[in-house]
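One-based numbering, in listed order, for ligands and for the atoms of each. We count residues from 1, following the sequence as given. Note that the structure is a prediction, hence the values are computed from the model and not measured.
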Amino acid sequence: MTRKKIVAGNWKMNLVADEAIALVNAISQLQQTNSAVELMFFPPALYIQSLKHTTLKVGAQNFHPAEKGAFTGELSINQLKDVGASIVLIGHSERRELFFESNSFLKEKVDAAIAHNMPIIFCCGEPLSIRDAGNALEFVTQQLTESLFHLSPAQLVNVTIAYEPIWAIGTGKTATVEEAEAMHKGIRNAIQAHYQSSETAASISILYGGSCNPSNAAELFACPNVDGGLIGGAALDATSFIAIANAF
Ligand code: 13P
């Protein structure tokens, strides 16, 4: 399986219903020049149902790995599927840092998604202190090893990886092209080493996230191991989001 080009918008905890509908309508009206790029967005969960009619794929930013039960405030995969989510984010650094989600808890989420045939965008990325210490790839490889690499090669095809260096998220400070390509290549090498398969490594899409915008998307997407972007702030503006998609 050849890997896909993907541009995904993570709306985080932004927009109310009217704004969300207006944004999706505005995105749909703009012209996507490269139809090979798959567009998707992750709105706040309570708007998934009213936005699922769009041609874009709609996903959920978060879920609980249990089937059901006493988890006040949480949503299960079945519930998200029921309202129209067709992909989930797992391991965003905001979930890791602000809500204390560990690699082992994220592994439970990965297993729950796989059990429900729910495609995954799995986020990884290092804090600045780890990068400054020269340990970024080792740190990211450990995140993948502890949460993802127990999957079989057949299960791993349901996973897209998003590399989001924490120091680049919402800061306006993007990884350089060299930093992004080196990490993406390192992630692909780690997949190859673990699965002993260059075919498996070559089939996984690896997205970049962190202050990606219409001005820097083209050079990032030109990197051989960067297969698209997971976009935060710039995904809240239809023109910017489509400009990023058109940067391929
Ligand atoms: P920004 O694009 O706002 O830096 O956010 C990136 C991100 O966290 C996407 O998940």
Side-chain angles (χ1 to χ4, degrees), residues 5-15 19-20 23-24 27 37-45 47-48 56-63 80 85 87-101 106 109-110 113 119-128 130-131 136 139-140 143-144 147-148 159-177 179-180 183-184 187 205-221 223 226-248:
K5 296 180 195 306
I6 296 170
V7 172
N10 175 9
W11 293 5
K12 308 190 181 184
M13 197 174 72
N14 292 297
L15 310 181
E19 294 167 334
L23 177 54
V24 163
I27 290 170
V37 180
E38 185 173 13
L39 295 184
M40 56 181 79
F41 66 104
F42 296 79
Y47 303 136
I48 290 173
L56 283 66
K57 193 178 267 190
V58 188
Q61 298 173 18
N62 183 40
F63 63 95
L80 291 164
I87 186 164
V88 287
L89 281 187
I90 297 180
H92 193 280
S93 65
E94 287 147 21
R95 299 296 318 171
R96 294 173 185 268
E97 293 208 314
L98 304 174
F99 302 99
F100 310 108
E101 295 191 0
L106 297 175
K109 291 191 174 200
V110 166
I120 296 165
I121 294 187
F122 184 86
C123 305
C124 56
E126 80 289 351
L128 188 57
I130 298 284
R131 173 157 290 269
F139 183 88
V140 166
Q143 290 179 323
L144 300 174
S147 305
L148 208 54
V159 179
T160 295
I161 292 173
Y163 168 59
E164 299 204 307
I166 296 171
W167 44 272
I169 295 177
T171 57
K173 189 174 188 297
T174 322
T176 64
V177 168
E179 286 167 334
M183 179 59 80
H184 284 230
I187 291 171
S205 298
I206 307 177
L207 315 182
Y208 170 81
S211 298
C212 187
N213 61 46
S215 314
N216 58 29
E219 59 178 12
L220 286 162
F221 296 169
C223 296
V226 176
D227 303 306
L230 180 55
I231 319 300
L236 296 171
D237 178 86
T239 310
S240 299
F241 185 64
I242 291 297
I244 293 170
N246 289 345
F248 264 110

message: Tell me which pairs pass salt bridge (Lys or Arg N to Asp or Glu O under 4.0 Å) where either residue lies in residues 227-243, with sequence neighbours left out.
response: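 Non-adjacent pairs meeting salt bridge (Lys or Arg N to Asp or Glu O under 4.0 Å): Arg3-Asp227, Arg188-Asp227.
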
Under 3.5 Å, N or O to N or O, is [X] touching ligand 1 that way?
| X | result |
| --- | --- |
| Lys12 | yes |
| Gly232 | yes |
| Asn10 | yes |
| Gly233 | yes |

query: Which pair of non-hydrogen atoms, one from Phe221 and one from Ala247, has the smallest distance, and what is that distance?
result: CD1-CB, 4.1 Å

query: Aromatic rings His184 and Tyr163: how do their planes relate, parallel, tilted or perpendicular, breaks at 30° and 60°?
result: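 Ring orientation, 0 to 90° scale: perpendicular.
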
message: Looking at Arg96 and Cys123, would you say the former's side chain and the latter's main chain have a donor-acceptor pair under 3.5 Å?
response: yes

- request: Look at the side chain of Asn213 and the backbone N and O of Asn216, then say whether any donor-acceptor pair between them is shorter than 3.5 Å.
  value: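 Judged by distance alone, yes, a pair lies under 3.5 Å.
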
Short list, please: which atoms of ligand 1 are under 4.0 Å from a heavy atom of [X]?
| X | answer |
| --- | --- |
| Leu230 | 9 (C), 10 (O) |
| Glu164 | 6 (C), 7 (C), 8 (O), 9 (C), 10 (O) |
| Gly170 | 1 (P), 3 (O), 4 (O) |
| Gly210 | 4 (O), 6 (C) |
| Ala168 | 4 (O) |

- prompt: Can you name the salt bridge (charged side-chain N to carboxylate O under 4.0 Å, His left out) partners of Lys57, sequence neighbours left out?
  reply: Glu38

message: Taking NZ in Lys5 as the centre, count heavy atoms belonging to other residues, nucleotides or ligands within less than 6.0 Å. Is the count above 12?
response: no

- request: For atom 1 (P) of ligand 1, state which one of Ala8, Ser211, Gly172 supplies the nearest heavy atom.
  value: Ser211

